[in-house]
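Okay, structure first, notes after.
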Amino acid sequence: MALPSTTEELLALLDRNRWSTVAFRRRLDIADWPWELQLQYQTPSRPQQLKPNLQQQQQQELQQAAELTEPPQPGTATTIASSSHLERAVQVNIGDVVAREAAVAYGKIHEHVRHTPLEPSPWLSSLAGSASGRSCVALLKLESEQHTGSFKVRGALSKLMSLPPEARSRGVFTASTGNHALAVVYACKSLSEQSPHPAQIDDAPRAAASNMAGGRPSVTWDIEAQPAVGSGPGAAPVPAPGAPVQQPQLSLHKGPEGARNRVNGEATAAASLYSAAANATSDPERDDARGEQDSSTPGLEAGASDSSAFGGLRPQLYIPTTASPYKIRKLMSLGAELHLYGTDCLEAELAARSAAKKADAVYVSPYNDPWVMAGQGTIGLELLATRRRGQLDVVLVPVGGGGLIAGIASVLKAADPAIQVIGCQPAVSDVMARSAASGTIEPELADTHDGREVTLSDATAGGVESGSVTLQPCSNFVDEWVTVSEAEIAEALVGLLEEQSKLVEGAAACALAAFKRLAPRFAGKCVVVVCCGGNISVASLLRAIELAKPAAMGTTKVTGISRNARAMAFSGSNDED
């Protein structure tokens with residue numbers, strides 16, 4: 001099914017599918033926004049004079065700053081009075097803004113993203129049937145087949161396209177464990193080859209392809225340093241014979257404590273190895289030299305990278321040293337400028353924010369940004385476009401910082417509050433689940449990076465920024481939280497590969513594992529599992545296979561594994577209506 005290409009066409013289809021579209025058509029002024037978003041809107045990375053994607057007739061009003069009489073409490077609906085709104089009071093929350101902006105983002109990013117398949121899963125359907133005697137309709141939203149191999153492209157494009165070119169030209173900074181960084185690189189490359197034309201819908205500026213072929217952008221390459229396991233959209237473009245190799249750059253920063261640990265060395269070694277490979281000739285006699293790089297080298301003097309491919313939008317990427325060497329190699333293959341910093345994604349995020357502020361540049365958060373959340377929310381809009389009201393009951397979403405589930409949940413609950421949204425996290429890194437329960441951002445577990453249990457779900461691991469705007473939607477719109485053990489993640493990952501020949505990463509397997517645990521309750525329902533990404537290294541896949549072996553020989557018919565008692569107890573105590 002071909003999906004609409006503009007926001008107005010999409011909303012017309014949602015109307016035909018009997019979903020409520022009131023929230024997507026709502027006109028919102030900055031003066032009506034929650035306090036948290038107003039503060040973020042006025043940060044250096046988004047100067048106050050830049051206008052958001054609102055209706056044309058309100059553009060003049062946006063120049064008048066809101067005059068707040070009393071700062072509102074975080075996490076609550078906010079009433080704001082401004083000089084232009086003395087006679088009215090409008091109450092909105094972050095979810096209102098995200099839902100509205102998601103509808104606008106849909107039309108803007110349409111030409112740059114894949115509308116990923118919503119594929120039936122007979123395997124999951126049969127699990128529900130065998131446990132309850134009545135099967136369900138189980139569908140996989142395969143964001144693993146998105147450009148760069150994950151959903152992150154949507155949010156990166158939404159954020160960058162919400163800014164005028166002059167704002168982006170001051171520089172783009174981001175932090176990530178891998179997937180988001182790949183998405184930002186893709187977005188910068190894609191936008192650098194586009195030229196703007198007048199908006200077709202609403203007042204949102206859209207970027208159109210300067211060279212179009214068959215109505216689609218001519219630039220549809222995917223990011224990969226070396227072929228991904230199996231087949232899929234992750235294959236890298238092959239340079240023409242004799243073409244110059246784009247040189248990678250990497251700098252290694254000492255973390256907050258000045259320590260360089262084992263993983264730090266592994267990440268540096270991976271980058272050094274790729275740099276050597278990039279510079280090596282095809283002469284077999286030089287192959288051995290590729291492994292002789294010093295893993296303790298604090299930086300690579302690889303020379304200046306060619307930034308012409310980014311059209312002045314070359315991003316600065318801050319990556320924790322715990323990131324997968326596999327993903328680091330992928331990033332360096334594109335000539336991206338990497339800064340290895342800290343042992344946790346939160347440390348890298350804070351460093352990137354600080355660097356962006358000093359440079360008066362754009363910071364693209366992996367999750368803590370309403371436009372990033374709105375971009376991820378377009379996944380929810382695609383689900384609504386392909387299902388009629390009453391034909392979508394439950395959606396399971398992997399969760400890290402909360403940007404994906406906040407965007408999807410804001411959209412789905414706006415269309416129909418009866419849709420159940422379930423957040424899925426690894427038990428060893430369940431920051432957002434605990435934060436939603438307590439009402440404030442909780443710290444990461446102390447033993448996450450001590451080497452005893454590193455999660456297969458590396459894309460969702462790590463801390464969350466204090467005061468993250470994702471907390472409110474996660475608290476208000478997520479009906480239930482499920483945390484799963486590493487054995488459950490491994491078994492789900494291997495099970496999908498065996499049963500449907502689909503390879504996903506550990507984060508996506510969190511949602512699959514949650515489905516398997518909850519399968520009996522899904523009888524007779526339509527359930528969507530969001531497979532958020534497919535970027536998995538050979539090492540991680542082998543580890544998953546090893547962990548799943550005992551499960552395959554196990555004693556339990558439903559899941560075949562021994563479940564983590566703590567995860568089960570937590571899942572049962574965090575149901576939210």
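Residues: numbered from 1 along the sequence shown.
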Is the closest side-chain donor-acceptor distance between Gln500 and Ser121 under 3.5 Å? yes

Hey, are Asn368 and Glu465 close enough side-chain-wise for a donor-acceptor pair under 3.5 Å? yes

Is it the case that the side chain of Arg168 and the backbone of Leu160 share a donor-acceptor pair, with hydrogens and angles ignored and the cut-off at 3.5 Å? yes

Can Ile405 and Val478 be said to form a side-chain contact (heavy atoms from CB on, under 4.5 Å), step by step? CA-CA 8 Å; Ile405 197 169; Val478 179; 3.6 Å; yes

Identified side chain to side chain donor-acceptor pair (under 3.5 Å) partner of Glu349 from the options Tyr363, Tyr341, Tyr367: Tyr367

Taking Thr386 for the side chain and Leu383 for the main chain, is one N or O donor matched with an acceptor at less than 3.5 Å? yes

Which residue, Val411, Leu13, Leu392, forms the side chain to side chain contact (heavy atoms under 4.5 Å, CB included) with Trp19? Leu392

Side chains of Thr455 and Ser457: is there a donor and an acceptor less than 3.5 Å apart? no

Any chance you could lay out the side-chain contact (heavy atoms from CB on, under 4.5 Å) test for Leu512 and Val504, step after step, and finish with the verdict? CA-CA 10 Å; Leu512 294 168; Val504 296; 4.1 Å; yes

Lys/Arg N to Asp/Glu carboxylate O, Lys159 vs Glu101, below 4.0 Å: no

Pairwise distance CG(Leu157) to NE2(His110) - rounded to 0.5 angstrom: 13.0 Å

If we count only N and O atoms by modelled type, under 3.5 Å, do the side chains of Gln425 and Trp481 hold a donor and an acceptor together? no

Is it true that Lys141 and Glu382 have a side-chain N and a carboxylate O under 4.0 angstrom from each other? yes

Could you tell me if the side chain of Asn17 sits less than 4.5 Å from the side chain of Arg389, heavy atoms only? no

Can we say Lys152 and Glu143 salt-bridge, meaning some charged N sits less than 4.0 Å from an Asp/Glu carboxylate O? no

State, without any angle test, whether Glu505 and Asn179 hold a side-chain donor-acceptor pair at a distance under 3.5 Å. yes

Is it true that Glu488 and Ser485 share a donor-acceptor pair across their side chains at a distance under 3.5 Å? yes

Could you tell me whether the side chain of Lys108 and the main chain of Met161 form a donor-acceptor pair under 3.5 Å? yes

Nearest 0.5 Å, what's the CG-CG distance between Leu139 and Leu124? 9.5 Å

With a 3.5 Å distance limit and no angle check, can you tell me whether Ser537 reaches the backbone of Ser540 through a side-chain donor-acceptor pair? yes

Sorted by chain and number, sequence neighbours left out, ring-ring contact (aromatic ring centres under 6.0 Å, His included) with Phe515 holds for Phe522

Asn535 and Lys330: side-chain donor and acceptor closer than 3.5 Å? yes

Between Arg387 and Asp416 (salt bridge meaning N to carboxylate O under 4.0 Å), is one present in this structure? no

Criterion side-chain contact (heavy atoms from CB on, under 4.5 Å) on Ile408 and Gln376, from CA distance to verdict: CA-CA 7 Å; Ile408 291 177; Gln376 323 306 22; 5.5 Å; no

Distance-only, no hydrogens or angles: does the Ser190 side chain make a donor-acceptor pair with backbone N or O of Tyr186 under 3.5 Å? no

ring-ring contact (aromatic ring centres under 6.0 Å, His included) with Tyr106: which residues, sequence neighbours excluded? His115

Salt bridge or not for Arg114 and Glu145, using N-O below 4.0 Å? no

